[in-house]
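First the structure, in the form of structure tokens, and then the observations on it.
Positions are given from 1 along the sequence.
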Amino acid sequence: MPMVTVKVIEGVFTQQQKQEMIHKITETMVEIEGENLRPVTWVLVEEVRSGEWGIGGNGLTTADVHALQAQPAAAAVG
């Protein structure tokens, strides 16, 4: 019985976006494991408080993630 845990910083994703994550992750697991595991595939979205998530020794806040979301996507390296 697969259980997938997704951790996100609070206030970044809407309830609708979190539901979409759950749906798409479940679909991906079913593609890998087979349809029989759909009823027992668990997806847990956990929110971590702003500033309690660190990258490279620095705390990451909700505002930091929103600023990243506003930036243009990086060009693919080929």
Side-chain angles (χ1 to χ4, degrees):
M1 291 181 257
M3 177 173 205
V4 179
T5 303
V6 180
K7 293 190 182 244
V8 297
I9 296 175
E10 69 179 351
V12 172
F13 297 98
T14 66
Q15 188 62 34
Q16 181 179 352
Q17 288 172 316
K18 289 184 270 185
Q19 289 299 311
E20 184 177 352
M21 285 179 209
I22 291 167
H23 174 74
K24 288 184 176 184
I25 291 167
T26 300
E27 292 303 314
T28 299
M29 293 304 297
V30 168
E31 286 179 26
I32 295 166
E33 296 287 342
E35 187 63 40
N36 288 339
L37 285 183
R38 180 181 302 276
V40 293
T41 298
W42 294 50
V43 179
L44 176 64
V45 178
E46 292 182 330
E47 289 191 316
V48 177
R49 286 179 34 165
S50 180
E52 292 185 1
W53 183 310
I55 297 176
N58 299 306
L60 192 62
T61 66
T62 303
D64 295 330
V65 177
H66 285 304
L68 287 171
Q69 289 173 323
Q71 294 179 3
V77 177

Exercise: identify the closest heavy-atom pair between [X] and [Y]:
| X | Y | answer |
| --- | --- | --- |
| Ser50 | Thr62 | OG-N, 2.9 Å |
| Phe13 | Val8 | CE1-CG1, 3.6 Å |
| Lys7 | Glu46 | NZ-OE1, 2.8 Å |

Measuring only between side-chain heavy atoms, which start at C-beta, is [X] closer than 4.5 Å to [Y]?
| X | Y | result |
| --- | --- | --- |
| Ile9 | Glu47 | no |
| Val6 | Leu44 | no |
| Met21 | Val43 | no |
| Val45 | Ile22 | yes |

- Note on the structure: Output for pair (Thr5 OG1, Trp42 CH2), nearest 0.5 Å, gives 11.0 Å

- Query: Measuring from Gln19:CD to Gln17:CD, what's the distance to the nearest 0.5 Å?
  - Reply: 11.5 Å

- Kindly say whether Thr61 contributes a backbone atom to a donor-acceptor pair with the side chain of His66 at under 3.5 angstrom?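 Not confirmed, His66 side chain does not pair with Thr61 backbone.
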
- Message: Would the distance check show the side chain of Glu33 and the main-chain N or O of Val30 forming a donor-acceptor pair, the cut-off being under 3.5 Å?
- Response: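 Checking the backbone N and O of Val30 against the side chain of Glu33, no donor-acceptor pair under 3.5 Å is found.
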
- Query: Does Leu37 share a hydrophobic cluster with Val4, counting links as ILVMFWY side-chain heavy atoms below 4.5 Å and allowing steps through other members?
  - Reply: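 Shared cluster, no.
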
- Message: Checking His23 against Glu20: is there a side-chain donor and acceptor pair closer than 3.5 Å?
- Response: no

- Message: Can you confirm whether more than 12 heavy atoms, excluding those of Gln69, are under 6.0 Å from its CD atom?
- Response: yes

- Message: Using a 6.0 Å cut-off, check whether atom CE of Met1 has over 12 heavy atoms from anything other than its own residue.
- Response: no

- Query: Are Arg38 and Glu27 within salt-bridge range, i.e. N to O under 4.0 Å?
  - Reply: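 Salt bridge: yes.
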
